[in-house]
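The structure appears below as structure tokens.
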2 protein chains.
Amino acid sequence: MGLAKTEIFTEEQNTIASMAKVLGHPARVSILEYLFKLNTCVCGDLVDEIGLAQATISQHLKELKSMGLIKGSVEGTSVCYCINLENWSRMKNTLAEFLDQDLTSNTCC
Amino acid sequence: MGLAKTEIFTEEQNTIASMAKVLGHPARVSILEYLFKLNTCVCGDLVDEIGLAQATISQHLKELKSMGLIKGSVEGTSVCYCINLENWSRMKNTLAEFLDQDLTSNTCC
DNA sequence: TTAATTAATCGTAATATTGCAATTAAACGA
DNA sequence: TCGTTTAATTGCAATATTACGATTAATTAA
């Protein structure tokens, strides 16, 4: 079907999955790393930095924005992007909690 | 195209993306949480536990197995699954390193 | 106003993902 | 052996994702 049956899972499970999903493409990972590395807003040069067409980058930026991980502000003819630290932190905590699960004992395998 | 241009990204970026991708579906999140909760191998009852068809569960298990996050051992007519702790830990560290990026200063936004 | 620049959006093609019914394969018990 | 049980695989349909050319919208500079 191509459509996940979100209604049979918990809110938490759907949240974790959608957070992970937005990180599930190397272009978006690359964009995020670049924004962190620059440590400031990035106006324009994302298309040059990553080797994808302008329309494709714009689409990935839209997904990152819709998950709240980045924010963009219009600056003249260009748009400046940067990490949304509050939401990034929220995501980090949610995913870390999931990843930090541990088995106290591993009785069989 | 539907096909990610993996060749233009770094090995690390592709690794992070593929790890995140496998966590990007609530059914797989649910399976992993169940395996952690039970704290032991699970033989069979995954289909009852999660409300998806047997073929669908089997497919998700296959993806988790191919990423090395779980391992299954044949136990008579059924198959027992459990978390692969070494690989889980590896993934946790890789993703944590990515998520722990921080901005020392946020000069513009 | 007009041209130039930049990024979003639209439209489209190719591929991937999700889900399930049906079938197959493997192992056990009678 | 034969039926039963369990899970993998196959085949298919529906939807999602990725990518990009072309267009549009918005802003600036001349």
Side-chain angles (χ1 to χ4, degrees), chain A residues 1-9 13-14 16-32 34-35 41-67 70-82, chain B residues 1-9 13-14 16-32 34-35 41-67 70-82:
Chain A
M1 297 229 162
L3 177 61
K5 281 191 154 180
T6 54
E7 70 276 8
I8 67 171
F9 302 105
Q13 287 162 346
N14 284 312
I16 291 170
S18 61
M19 285 174 170
K21 197 174 184 180
V22 82
L23 301 180
H25 193 287
R28 293 191 289 272
V29 170
S30 171
I31 289 170
L32 290 166
Y34 189 65
L35 290 178
C41 284
V42 167
C43 304
D45 44 328
L46 273 167
V47 176
D48 304 322
E49 181 66 20
I50 305 169
L52 291 170
Q54 183 265 323
T56 309
I57 296 290
S58 191
Q59 202 173 351
H60 285 302
L61 287 171
K62 190 181 176 185
E63 283 178 75
L64 290 169
K65 223 187 309 180
S66 80
M67 275 298 294
I70 63 174
K71 45 188 174 181
S73 55
V74 178
E75 202 87 14
T77 50
S78 60
V79 178
C80 291
Y81 287 104
C82 63
Chain B
M1 299 229 160
L3 177 60
K5 281 190 156 181
T6 55
E7 70 277 7
I8 66 171
F9 303 105
Q13 287 163 345
N14 284 313
I16 291 170
S18 59
M19 284 175 171
K21 197 174 185 180
V22 82
L23 301 180
H25 193 288
R28 292 191 288 271
V29 170
S30 171
I31 289 170
L32 290 166
Y34 188 66
L35 290 178
C41 283
V42 167
C43 304
D45 43 328
L46 274 167
V47 176
D48 303 322
E49 182 65 20
I50 304 167
L52 291 169
Q54 183 265 321
T56 309
I57 296 290
S58 191
Q59 203 174 348
H60 285 303
L61 288 171
K62 191 180 175 184
E63 282 178 74
L64 290 169
K65 222 186 310 180
S66 81
M67 275 298 293
I70 62 173
K71 45 188 173 180
S73 55
V74 179
E75 201 85 14
T77 48
S78 60
V79 178
C80 291
Y81 288 104
C82 61

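The side-chain contact (heavy atoms from CB on, under 4.5 Å) with B:V42 is formed by just one residue from the set B:I70, B:I31, B:L35; it is B:L35.
Listed in residue order, the members of residues 19-32 of chain B having a heavy atom less than 4.0 Å from DNA chain C are B:K21, B:H25, B:R28.
In terms of phosphate contacts, B:T77 brings no side-chain nitrogen or oxygen within less than 4.0 Å of OP1 or OP2 of C:dA26. One finds a side-chain N or O of B:H60 lying less than 4.0 angstrom from the OP1 or OP2 phosphate oxygen of C:dG19.
Taking CG of B:L61 as the start and OH of B:Y81 as the end, the distance is 5.0 Å to the nearest 0.5 Å.
D:dA7 atom P lies 8 Å from atom OH of B:Y81, rounded to whole Å. Atoms CD1 (A:I50) and C1' (D:dA19) sit 14 Å apart, rounded to a whole Å. The separation between B:E63 atom CD and D:dT9 atom P is 13 Å, rounded to whole Å. Note: CD (A:E75) to C1' (C:dT5) measures 15 Å, nearest angstrom. In this structure, A:Q54 places its CD atom 14 Å from P of C:dC10, rounding to the nearest Å. One interatomic measurement links the two molecules: CG of A:D45 to P of C:dT5, which rounds to 17 Å at whole-angstrom precision. Rounded to whole Å, the distance from CD on B:Q59 to P on C:dT17 is 10 Å. Summarising the geometry, the separation between CG on B:L61 and P on D:dA8 is reported as 6 Å, rounded to the nearest angstrom.
The side chain of B:A4 approaches D:dA19 more closely than any other nucleotide in the set D:dA7, D:dG21, D:dA19. The side chain of B:K62 lies closest to D:dT9, out of D:dT9, D:dC20, C:dA8. Considering only side-chain atoms of B:T56, the nucleotide from C:dG19, C:dT9, D:dT10 that sits closest is C:dG19. Candidate nucleotides D:dC20, C:dG19, C:dA22 were compared by shortest atom distance to the side chain of A:K5, and C:dG19 ranks first. Comparing C:dG19, D:dA22, C:dA21 by their closest approach to the side chain of B:L52 singles out C:dG19.
Of all heavy-atom pairs spanning A:E63 and A:S66, the tightest one is O-OG, 3.0 Å. B:H25 and A:A4 get closest at one heavy-atom pair: NE2-CB, 3.4 Å. The shortest heavy-atom contact between A:A27 and A:L52 is CB-CD1, 3.7 Å.
Using a 4.0 Å heavy-atom cutoff across all strands shown, A:S78 reaches sugar-phosphate atoms only and no base atom. Among the protein residues, A:A53 comes within range of the sugar-phosphate backbone only, with heavy atoms under 4.0 Å from sugar or phosphate atoms but none that close to a base.
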Could you please spell out the steps behind the side chain to side chain contact (heavy atoms under 4.5 Å, CB included) verdict for A:L32 and A:L23?
CA-CA 9 Å; A:L32 290 166; A:L23 301 180; 3.6 Å; yes
Decide yes or no on side chain to side chain contact (heavy atoms under 4.5 Å, CB included) for A:Y34 and A:I50, but give the supporting numbers first.
CA-CA 9 Å; A:Y34 189 65; A:I50 305 169; 5.6 Å; no
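Mapping A:T6 and A:K65 onto DNA chain C by nearest heavy atom places A:K65 closer to the 5' end of the strand.
Side-chain contact between A:F9 and B:V29 is absent, with no heavy-atom pair separated by less than 4.5 Å.
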